[in-house]
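Contents: one structure, followed by commentary.
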There are 2 protein chains.
Amino acid sequence: MNITTKGHYGVMAMTELAMHDGKGPVPLKTIAENQGLSEHYLEQLFAPLRRAGLVRSVRGAQGGYLLGRPAREISVGDVLRVLEGPLAPIECALDGNPEEWENCTNPYNCLVRDVWVKLYKTIEEVVNGVTLEELCQKAREAQARRNPMFYI
Amino acid sequence: MNITTKGHYGVMAMTELAMHDGKGPVPLKTIAENQGLSEHYLEQLFAPLRRAGLVRSVRGAQGGYLLGRPAREISVGDVLRVLEGPLAPIECALDGNPEEWENCTNPYNCLVRDVWVKLYKTIEEVVNGVTLEELCQKAREAQARRNPMFYI
DNA sequence: CGTAATCCCAAGTGTGTGGGTCGGAATTAT
DNA sequence: ATAATTCCGACCCACACACTTGGGATTACG
């Protein structure tokens, strides 16, 4: 049940973007330096994020990335689904095209499947329930407390 | 966020064991045939399950495996933790020894970590909340309904 | 207009894991 | 003695992860 660095870094980077919302584009170099990540690797993550409309890009010098829509309208789940794919524990727990699984001849499978479906729904609830705006809010609170961790 | 075939097959096999609870040991061959799985692969899964005390083995002819404790006291989470390892989405969301992560200098990481911790707890709640007994119960209901899927 | 900063794109790479297979040794009921 | 089992360790191959490398296209700024 793990998420990979793609989803992890993706959410972190998106949070930093959200922190700069309304202040012009943020280059990946800045994010990479601030968070100790590889700039080139971040590029790979931002390609699908852009295609999904979660970010907008501005090319050329002084360019960078902007949120594609308000921070309150982007959830952690949105980012994860783009970078990690569907969050179902196993494929046959997905909603769509269950035809593929209709000829499933293993009764135990279909019995246990209900557990995965329940798990899937719960995971979705959690990650859809946290927005970038909320993460920003917490970040600012930490800053306000002059938390030394926050050198942002 | 996927579980692998280990956890999946493991829970299915354990459910079949639970269905035969009190009726003597069930050989892996039977489970493998009933569910269309590889007997050798199942062996690999039952080694750790036995070490964890979730099953007991009876060697030799007419041998097989038995539940290590009552079906009501074995949850899906128990099986998953043995076969999949900890169910935390990322390592630093685990409970124990957070010292390793104390020198985490990335503020965004620690912010986002809260989401993973929440996710971790929710996942645990779901999988710990389903016991083999409940799965058996549902299996028997399906049988009672003469569900053709159930040739068990 | 040149240059530097940036995004964009396509490959390559090394390590690990997933999902098994294979062959055989030890144990035991019949 | 034989057959049915568990037990054990090795092997294997394809694919995913977590990047790196090398460049091309675009644009602000001097």
Side-chain angles (χ1 to χ4, degrees), chain A residues 1-13 17 20 24-68 80 82-86 89-91 109, chain B residues 1-13 17 20 24-68 80 82-86 89-91 109:
Chain A
M1 302 297 307
N2 11 1
I3 57 157
T4 68
T5 54
K6 288 183 192 172
H8 189 188
Y9 295 175
V11 176
M12 294 197 293
L17 267 199
H20 288 77
V26 184
L28 291 188
K29 192 178 185 186
T30 304
I31 299 181
E33 280 170 1
N34 280 349
Q35 309 210 23
L37 305 175
S38 150
E39 187 182 344
H40 260 308
Y41 191 43
L42 282 180
E43 277 181 7
Q44 284 186 27
L45 309 187
F46 273 73
L49 289 174
R50 182 175 55 83
R51 283 192 289 270
L54 295 185
V55 297
R56 274 168 40 216
S57 64
V58 179
R59 300 182 72 168
Q62 315 304 320
Y65 286 93
L66 308 158
L67 288 187
L80 287 185
V82 168
L83 294 174
E84 302 270 338
I90 63 174
E91 218 177 346
N109 186 9
Chain B
M1 297 301 307
N2 10 0
I3 58 158
T4 69
T5 55
K6 289 184 190 172
H8 190 189
Y9 295 174
V11 175
M12 293 195 295
L17 267 199
H20 288 78
V26 183
L28 292 187
K29 193 178 184 185
T30 305
I31 299 180
E33 280 172 1
N34 280 349
Q35 309 210 20
L37 306 175
S38 153
E39 186 182 346
H40 259 308
Y41 192 42
L42 280 179
E43 279 180 8
Q44 285 185 27
L45 309 186
F46 273 73
L49 289 173
R50 182 175 54 81
R51 285 193 290 271
L54 295 186
V55 298
R56 276 167 40 216
S57 65
V58 179
R59 301 182 71 168
Q62 315 305 318
Y65 287 93
L66 307 158
L67 287 188
L80 287 184
V82 168
L83 295 173
E84 301 270 338
I90 61 173
E91 220 177 344
N109 185 11

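Values below: all heavy atoms of this structure, side chains included; hydrogens, waters and symmetry mates excluded. These numbers come from a predicted model, not from an experiment. Naming convention: chains lettered A, B, ... in sequence-line order (proteins, then strands); numbering from 1 in each chain.
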### Query
When the nearest nucleotide of DNA chain D is assigned to A/Gln62 and to A/Lys6 on a heavy-atom basis, which residue is associated with the more 5' position?
A/Lys6
### Message
Here's a test of your reading of the structure: between A/Glu39 and A/Gly60, which maps to the more 5' nucleotide of DNA chain D?
### Response
A/Glu39
### Query
Where the side chain of B/His40 is concerned, which of C/dT21, D/dT6, C/dG18 is the nearest nucleotide?
C/dT21
### Task
State, yes or no, whether a side-chain contact exists between B/Asn109 and A/His8 at a heavy-atom distance under 4.5 Å.
yes
### Message
Counting only side-chain nitrogens and oxygens, does A/Arg50 get under 4.0 Å of the OP1 or OP2 atom of C/dC8?
### Response
yes
### Query
Is there side-chain contact between B/Asn34 and B/Ile31, with at least one heavy-atom pair below 4.5 Å?
no
### Task
Could you tell me the separation between the CE atom of A/Met12 and the P atom of D/dA18, rounded to a whole number of Å?
12 Å
### Query
Are B/Phe46 and B/Leu17 close enough that some pair of their side-chain heavy atoms sits under 4.5 Å apart?
yes
### Task
Between A/Gln44 and A/Gly64, just flag the one whose closest nucleotide in DNA chain C comes earlier from the 5' side.
A/Gly64
### Task
Ignoring the backbone of A/Glu43, work out which of C/dT28, D/dT6, C/dC8 is nearest its side chain.
C/dC8
### Query
Of all the choices, C/dT27, D/dA18, C/dG19, which nucleotide is nearest to the side chain of B/Arg59 once you look at every atom?
C/dT27
### Task
Return the value, rounded to whole Å, for the distance between atom CG of B/Leu42 and atom P of D/dT5.
14 Å
### Task
State, with a plain yes or no, whether a side-chain heavy atom of A/Tyr41 is found less than 4.5 Å away from one of A/Thr5.
yes
## Note on the structure
Note: B/Leu83 and B/Gly10 closest approach over all heavy atoms is CD1-CA, 3.6 Å
### B/Arg51 side chain near D/dC7 phosphate (N/O to OP1/OP2, under 4.0 Å)
no
### Task
Round to the nearest Å and state the distance from A/Leu17 atom CG to C/dC7 atom P.
10 Å
### Message
Can a donor-acceptor pair be found, under 3.5 Å and without considering hydrogens, that links the side chain of A/Ser57 to the backbone of A/Arg59?
### Response
no
### Query
Is any side-chain N or O of B/Thr5 closer than 4.0 Å to OP1 or OP2 of C/dG19?
yes
### Task
Select one nucleotide: of D/dT20, D/dT6, C/dT21, the one nearest the side-chain heavy atoms of A/Ser38.
D/dT20
#### Entry: Gap between atoms CG and P, on A/Leu49 and C/dC9 respectively (whole Å)
14 Å
### Message
How many whole angstroms separate atom CG of B/Leu45 from atom C1' of C/dG19?
### Response
10 Å
### Task
Return the value, rounded to whole Å, for the distance between atom OH of B/Tyr41 and atom P of D/dC8.
19 Å
### Summary
Here the distance between atom C1' of C/dG18 and atom NE2 of B/His8, to the nearest Å, is 15 Å
### Task
Choose from D/dC7, D/dC17, C/dG20 the nucleotide whose nearest atom is closest to any side-chain atom of A/Thr4.
D/dC17
#### Entry: Distance, rounded to the nearest Å, where A/Tyr9 contributes OH and D/dC19 contributes C1'
9 Å
### Query
Checking all strands, does A/Tyr65 fall into the base, sugar-phosphate, or nothing category for heavy-atom contacts under 4.0 angstrom?
sugar-phosphate
### Task
Please determine, for the side chain of B/Ala61, which listed nucleotide (C/dA11, C/dG20, D/dA4) has the closest atom?
D/dA4
